[in-house]
Amino acid sequence: MLPTESKKALSFKRCIEDGDLVIVYERHDVMKPVKVTKDGVLQNRFGFYRHSDWIGKPLGTKVLSNKGKFVYLLAPTPELWTLVLSHRTQILYIADISFVVMYLEVVPGCVVLESGTGSGSLSTSLARAVAPTGHVYSFDFHEQRAVCAREDFEKTGISSLVTVEVRDIQGQGFPEKLSGLADSVFLDLPQPWLAVPSAAKMLKEDGVICSFSPCIEQVQRTCEVLRSDFIEIRTFEVLLRTYEVKEMKVETGAMIGESHDEEDNGGQRPSKRKHISNDDGYAISQDNSSSATSTVMARPCSEARGHTGYLTFARLQCLS
């Protein structure tokens with residue numbers, strides 16, 4: 001799905017072809033990756049969809065089932081891939097990933113080292129950020145995870161941008177062949193402080209390192225080691241709060257907090273739009289201009305993901 005020729009920016013083909021990977025979107029929390037084949041059929045609660053009907057259609061198309069129900073066919077962007085990939089390990093989500101890409105100063109042409117590969121969630125976003133001329137070298141001590149990650153990168157079309165190797169970075173460090181070549185290094189390890197000295201050797205002057213840790217004790221030990229060769233040491237906790245927004249129809253006379261008497265409102269006419277809250281925690285915006293009104297309700301999602309871990313960044317100290 002992703003052309004990665006050196007003279008092209010990383011972008012998705014606009015029309016679906018046989019063998020492509022697409023994300024089938026039913027709703028925001030029901031999506032799945034599907035490889036398109038001429039004889040393939042997708043079945044779900046809405047009926048069945050023939051892949052042959054998808055070929056030649058542009059990404060983003062709404063396609064109908066035999067029952068007249070629809071799904072959308074979307075490109076496997078890093079954002080969507082993060083939501084549908086197989087979880088072989090705990091993964092980083094969009095809030096942390098976007099923060100990492102920005103603070104590691106990853107731009108096209110960069111060389112990034114990553115350990116460990118895990119489920120490949122971050123690797124996919126890093127690949128897009130360094131394309132078309134950069135490269136991501138990812139390492140995992142677990143051979144089967146590395147194999148699965150390579151297969152996923154083939155599916156999403158970024159295998160030319162990501163090299164996955166089996167290596168214990170905590171025990172062996174990064175390969176000497178990459179010494180002094182990396183613009184940035186990302187560590188997602190149980191004991192990241194063991195890999196910090198090797199990471200320092202891999203970085204170019206003024207290079208940046210990031211360590212992801214779920215526990216603050218890991219952060220403390222890592223920062224102790226970082227002080228030897230790094231400056232600008234900073235730790236962040238990224239918290240994301242999402243909202244659920246719904247539109248509902250209600251009768252004007254039944255609206256919460258409505259005043260029917262102008263005298264109760266200081267002799268003034270009722271406002272046409274009110275912002276109030278109901279017992280479920282929704283913030284409500286109401287238009288009182290008709291007896292049947294459209295009400296927009298919003299509240300924080302009950303299943304919103306909170307803390308995932310701590311991100312520690314540091315810059316390699318330049319020695320003159």
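For the numbers below, each heavy atom of this structure counts, side chains included, while hydrogens, waters and symmetry mates do not.
- Using a 4.0 Å cut-off between charged nitrogen and carboxylate oxygen, E105 and R315 count as a salt-bridge pair.
- Both V34 and L59 sit in one connected hydrophobic cluster of ILVMFWY residues. Membership requires side-chain heavy atoms under 4.5 Å apart, directly or through other members.
- Looking at Y93, its side chain never comes within 3.5 Å of a backbone N or O of D96 through a donor-acceptor pair.
- Put simply, the side chain of Q172 never gets that close to the backbone of I169: no donor and acceptor are under 3.5 Å apart.
- Closest heavy-atom contact between K38 and S52: O-CB, 3.6 Å.
- Considering CZ of F212 and OG1 of T312, their distance stands at 10.5 Å, rounded to 0.5 Å.
- The two residues N66 and G47 make their nearest non-hydrogen contact at OD1-CA, 3.4 Å.
- For R50, the CZ atom counts as loosely surrounded, since its 6.0 Å shell holds 12 or fewer non-hydrogen atoms of other residues, nucleotides or ligands.
- No option in D140, T117, D152 other than D152 meets the side-chain hydrogen bond (donor to acceptor under 3.5 Å, both in side chains) test with R88.
- Counting heavy atoms from C-beta on, the side chains of H51 and T37 come closer than 4.5 Å.
- Within 6.0 Å of CG on D29 lie more than 12 heavy atoms contributed by other residues, nucleotides or ligands.
- With rounding to the nearest 0.5 Å, the separation of CD1 in I23 from CG in L73 is 10.5 Å.
- At least one donor-acceptor pair closer than 3.5 Å links the side chain of S98 to the backbone N or O of A95.
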Practice task
Would you sort out whether F174 and F139 count as a ring-ring contact (aromatic ring centres under 6.0 Å, His included), showing the intermediate values?
Solution key: CA-CA 9 Å; F174 290 97; F139 301 89; 5.6 Å; yes

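- When atom types are taken as modelled, the side chain of S213 and the backbone of C215 share no donor-acceptor pair closer than 3.5 angstrom.
- Rounded to the nearest 0.5 Å, atoms OH (Y72) and CD (E26) are 12.5 Å apart.
- In terms of heavy-atom proximity, G109 sits nearest to T133 at CA-OG1, 3.3 Å.
- A heavy-atom distance below 4.5 Å is found between the side chains of I233 and R227.
- Nearest approach of P192 to L187, heavy atoms of both residues: O-CD1, 3.9 Å.
- Residues V24 and V30 fall into different hydrophobic clusters, defined by Ile, Leu, Val, Met, Phe, Trp and Tyr side chains chained together at heavy-atom separations under 4.5 Å.
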Practice task
Take E114 and L122 through the test side chain to side chain contact (heavy atoms under 4.5 Å, CB included) and record every step on the way to the result.
Solution key: CA-CA 9 Å; E114 176 195 26; L122 177 63; 3.8 Å; yes

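- The cluster map of Ile, Leu, Val, Met, Phe, Trp and Tyr, joined by side-chain heavy atoms under 4.5 Å apart, puts L92 and V208 in the same cluster.
- Remark: F186 CZ to I97 CD1 distance equals 9.0 Å, nearest 0.5 Å.
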Practice task
Apply side chain to side chain donor-acceptor pair (under 3.5 Å) to E247 and T295, showing your working.
Solution key: CA-CA 5 Å; E247 184 173 356; T295 302; over 6 Å; no

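- Shortest non-hydrogen contact noted between P76 and W81 is O-CB, 4.5 Å.
- Using a 4.5 Å heavy-atom cutoff, the side chains of S121 and L85 are in contact.
- No continuous path of hydrophobic side-chain contacts links V196 to L104 [ILVMFWY only; heavy atoms under 4.5 Å].
- The backbone N or O of P175 lies less than 3.5 Å from no partner atom in the side chain of S179, so there is not a single donor-acceptor pair.
- C148 places none of its side-chain heavy atoms less than 4.5 Å from the side chain of R145.
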Practice task
Go through the steps to decide whether C15 and K57 satisfy the test side chain to side chain contact (heavy atoms under 4.5 Å, CB included), and finish with yes or no.
Solution key: CA-CA 5 Å; C15 290; K57 287 187 168 57; over 6 Å; no

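- Nearest heavy atoms, L189 versus A195: CD1-CB, 3.8 Å.
- A heavy-atom distance below 4.5 Å is found between the side chains of W54 and V63.
- When only modelled atom types and interatomic distance are considered, S138 and E165 share no side-chain donor-acceptor pair under 3.5 Å.
- Counting only heavy atoms from C-beta outward, the side chains of E244 and P300 never approach each other to under 4.5 Å.
- We find the OH-CZ distance between Y243 and R299 to be 11.5 Å, quoted to the nearest 0.5 Å.
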Practice task
Under the side chain to side chain contact (heavy atoms under 4.5 Å, CB included) rule, what do V136 and L161 come out as? Steps first, then yes or no, please.
Solution key: CA-CA 6 Å; V136 178; L161 293 167; 5.9 Å; no

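- Atom CG of D229 and atom CG of L203 lie 10.0 Å apart (nearest 0.5 Å).
- One finds no salt bridge joining D206 and K204 here, because no Lys/Arg side-chain nitrogen approaches an Asp/Glu carboxylate oxygen to under 4.0 Å.
- Classification of D20 and K35 as a salt-bridged pair fails, no side-chain N sitting under 4.0 Å from a carboxylate O.
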Practice task
Evaluate the criterion side chain to side chain contact (heavy atoms under 4.5 Å, CB included) for residue pair L42 and F48; output intermediate values, then yes/no.
Solution key: CA-CA 5 Å; L42 169 69; F48 65 84; over 6 Å; no

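- E79 and R128 are joined by a salt bridge, as a carboxylate oxygen and a charged side-chain nitrogen come within less than 4.0 angstrom of each other.
- Counting heavy atoms from C-beta on, the side chains of V106 and D183 never come closer than 4.5 Å.
- Sorted by first and then second residue, the ring pair (Phe, Tyr, Trp, His ring centres under 6.0 Å) pairs involving residues 102-136 (not counting sequence neighbours) are F99-Y103, Y103-F236, Y103-F313, H135-Y137.
- Ion pairing between E176 and K201 fails under the 4.0 Å rule for side-chain N and carboxylate O.
- V130 and M202 are assigned to two separate hydrophobic clusters, defined by single-linkage of ILVMFWY side chains at heavy-atom distances under 4.5 Å.
- When side chains are defined from C-beta on, L316 does not count as touching I209, because their heavy atoms never get closer than 4.5 Å.
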